[in-house]
Asker: 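Before I ask anything, here is the structure I am working with.
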Amino acid sequence: MSKKYPIISVVGSSGAGTSTVKATFDQIFRREGVKAVSIEGDAFHRFNRADMKAELERRYAAGDATFSHFSYEANALEDLERVFREYGETGKGRTRRYVHDANESAKYGVEPGHFTDWAPFEEDTDLLFYEGLHGCVTNDQVNIAAHADLKIGVVPVINLEWIQKIHRDRAQRGYTTEAVTDVILRRMHAYVHCIVPQFSQTDINFQRVPVVDTSNPFITRWIPTPDESLIVIRFRNPRGIDFPYLTSMIHGSWMSRANSIVIPGNKQDLAMQLILTPLIERLVREGRRARA
Ligand SMILES: Nc1ncnc2c1ncn2[C@@H]1O[C@H](COP(=O)(O)OP(=O)(O)OP(=O)(O)O)[C@@H](O)[C@H]1O
Ligand SMILES: O=C(CO)[C@H](O)[C@H](O)COP(=O)(O)O
């Protein structure tokens, strides 16, 4: 935690929607005049695509069928923790990109399945924004959650998460449904042990729930639309959250528990702006004051 250089960590599984949620944060940053530096969790994969495949095969041959991109060991989490710590202390740090497909390849000049070079952060930023798989990990080796000042979970119910991943990986990354299904299966062990525990570390979780039948996610022809979903928003510490204000501003919302509200899916952007803007504004104000 750093008053001077705050960190926002948005965590979700692959296909959960963390990249999509980043657009809402960018909108808030632009509107509020916040200078943010952004990093992606995939930058901290330990292996490029070919080396990951070789490592998977090596471990599989040795009897380990649980290794995947979700596993702690597949990611340089000690580097991610160092970047969080260094940014919190000095406002400096570095990142790179993992290039997934031809579009990103054209943008970053690196073949798909490879990393760009590391590059230092821009100077004089107000906050660090992370989105990815491991931004709230706490285990025997690292405590990444401890460095983040605002922790957000993006967690569709699991069959919706699979639908989103299958559609995105087919449409944008050129994978078949069968290939994505194999990846989902292979990642299940680490999903339970490395991804899910993070959602108890987060301050706010946004869980999208479809209200159409998604019982066979592997044959669904399209992603349920915002109008076909609800979002459960759960606050770890509801003290200080103005629930009457939120439920009056977000038409069709209601409280389902003392720390949770449910909103129509098409109000996600509005709800995020209403909830997150004051939290971000406070982090930035306190950071600027501490650096003055
Ligand atoms: N609220 C939403 N409503 C409808 N579709 C969504 C929503 N959120 C995400 N999606 C869709 O789900 C797919 C996956 O989203 P996104 O790329 O943001 O996931 P991600 O968590 O960043 O995944 P990864 O970490 O693997 O890159 C995309 O096709 C996106 O358009
Ligand atoms: O989205 C992911 C993790 O968040 C990807 O599955 C991971 O980055 C590996 O990518 P690829 O399969 O393209 O090598």
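Being a predicted model, the structure only gives us computed values, none of them experimental. In listed order, ligands and their atoms are each counted from 1.
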Asker: Between Arg208 and ligand 1, does any nitrogen or oxygen pair lie at a separation below 3.5 Å?
Answerer: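 It does: an N or O of Arg208 is found under 3.5 Å from an N or O of ligand 1.
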Asker: For atom 28 (C) of ligand 1, which candidate among Glu161, Lys165, Arg168, His69 holds the nearest heavy atom?
Answerer: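 The nearest heavy atom belongs to Arg168.
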Asker: To which of Gln164, Glu131, Lys22 does the heavy atom nearest atom 8 (N) of ligand 1 belong?
Answerer: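 Among Gln164, Glu131, Lys22, the closest heavy atom to atom 8 (N) of ligand 1 comes from Gln164.
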Asker: Does Ala16, backbone or side chain, put an N or O under 3.5 Å from an N or O of ligand 1?
Answerer: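 N/O-N/O distance under 3.5 Å: yes.
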Asker: In terms of side-chain heavy atoms, does Gln273 have a donor or acceptor partner in Arg31 at a distance below 3.5 Å?
Answerer: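 Gln273 vs Arg31: donor-acceptor pair found between side chains.
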Asker: With nothing but distance in play, are any N or O atoms of Ile223 less than 3.5 Å from an N or O of ligand 1?
Answerer: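 It does not: no N or O of Ile223 is found under 3.5 Å from an N or O of ligand 1.
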Asker: Got an N/O contact under 3.5 Å between Thr20 and ligand 1?
Answerer: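 By distance alone, the answer is yes.
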Asker: What are the atoms of ligand 1, with element, lying closer than 4.0 Å to any heavy atom of Arg173?
Answerer: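 Near Arg173, meaning under 4.0 Å from one of its heavy atoms, ligand 1 has 26 (O), 27 (O).
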Asker: Check each heavy atom of Gln172 against ligand 1 and say whether those closer than 4.0 Å belong to the side chain, the backbone, both or neither.
Answerer: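 Neither part.
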Asker: Taking the six-membered ring where the residue is Trp, are the ring centres of Phe243 and Phe235 under 6.0 Å apart?
Answerer: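 Under 6.0 Å, so yes.
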Asker: Are the aromatic rings of Trp118 and Phe44 close, with centres under 6.0 Å apart?
Answerer: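 Trp118 vs Phe44: aromatic centres under 6.0 Å.
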Asker: Please confirm whether Tyr98 and His100 have ring centers closer than 6.0 angstrom.
Answerer: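 Yes.
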Asker: Purely on distance, is any nitrogen or oxygen of Gly17 under 3.5 Å from one on ligand 1?
Answerer: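 It does: an N or O of Gly17 is found under 3.5 Å from an N or O of ligand 1.
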Asker: Which ligand 1 atoms, with their elements, are less than 4.0 angstrom from a heavy-atom of Gln268?
Answerer: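 The atoms of ligand 1 under 4.0 Å from a heavy atom of Gln268 are 1 (N).
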Asker: Answer with yes or no after comparing the ring centroid distance for Tyr60 and Phe67 against a 6.0 Å cut-off, counting only values under it.
Answerer: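 That pair fails the under 6.0 Å test.
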Asker: Please report which non-hydrogen protein atom sits nearest to atom 22 (O) of ligand 1, along with the residue it belongs to and the distance in Å to one decimal place.
Answerer: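 Here the nearest protein heavy atom works out to Ser19 OG, 2.3 Å.
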Asker: Please give the N or O to N or O pairs under 3.5 Å between ligand 2 and the protein, distances rounded to 0.1 Å.
Answerer:
residue, atom, partner, partner atom, Å
ligand 2, 1 (O), Ser14, OG, 3.1
ligand 2, 1 (O), Arg173, NH1, 3.0
ligand 2, 4 (O), Asp42, OD1, 3.2
ligand 2, 6 (O), Arg187, NH2, 2.7
ligand 2, 8 (O), Asp42, OD2, 3.3
ligand 2, 8 (O), His45, NE2, 2.7
ligand 2, 8 (O), His100, NE2, 2.9
ligand 2, 12 (O), Tyr175, OH, 2.9
ligand 2, 13 (O), Arg49, NH2, 2.8
ligand 2, 13 (O), Tyr175, OH, 3.3
ligand 2, 14 (O), Arg49, NE, 2.8
ligand 2, 14 (O), Tyr98, OH, 2.5

Asker: Just heavy atoms, cut-off under 4.0 Å: does Pro156 contact ligand 1 by side chain, backbone, both, or neither?
Answerer: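 Under 4.0 Å from ligand 1, Pro156 contributes no heavy atoms.
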Asker: If you count the atoms of ligand 1 from 1 in the order shown, which ones are under 4.0 Å from a heavy atom of Thr18?
Answerer: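 Once the distances to Thr18 are compared, the set is 18 (O), 19 (O), 20 (P), 21 (O), 22 (O).
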Asker: Any non-hydrogen atom of Gly12 lying under 4.0 Å from ligand 1?
Answerer: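 Flag not set, Gly12 not near ligand 1.
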Asker: Counting C-beta onward and ignoring hydrogens, is there a side-chain heavy-atom pair between Trp254 and Ile261 closer than 4.5 Å?
Answerer: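 Not touching, per the 4.5 Å side-chain cut-off.
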Asker: Please list, in number order, the atoms of ligand 1 under 4.0 Å from a heavy atom of Ser13.
Answerer: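 Checking each atom against Ser13, I get 21 (O).
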Asker: Under a 4.5 Å cut-off applied to non-hydrogen side-chain atoms, are Val284 and Ile280 in contact?
Answerer: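 A side-chain contact under 4.5 Å exists here.
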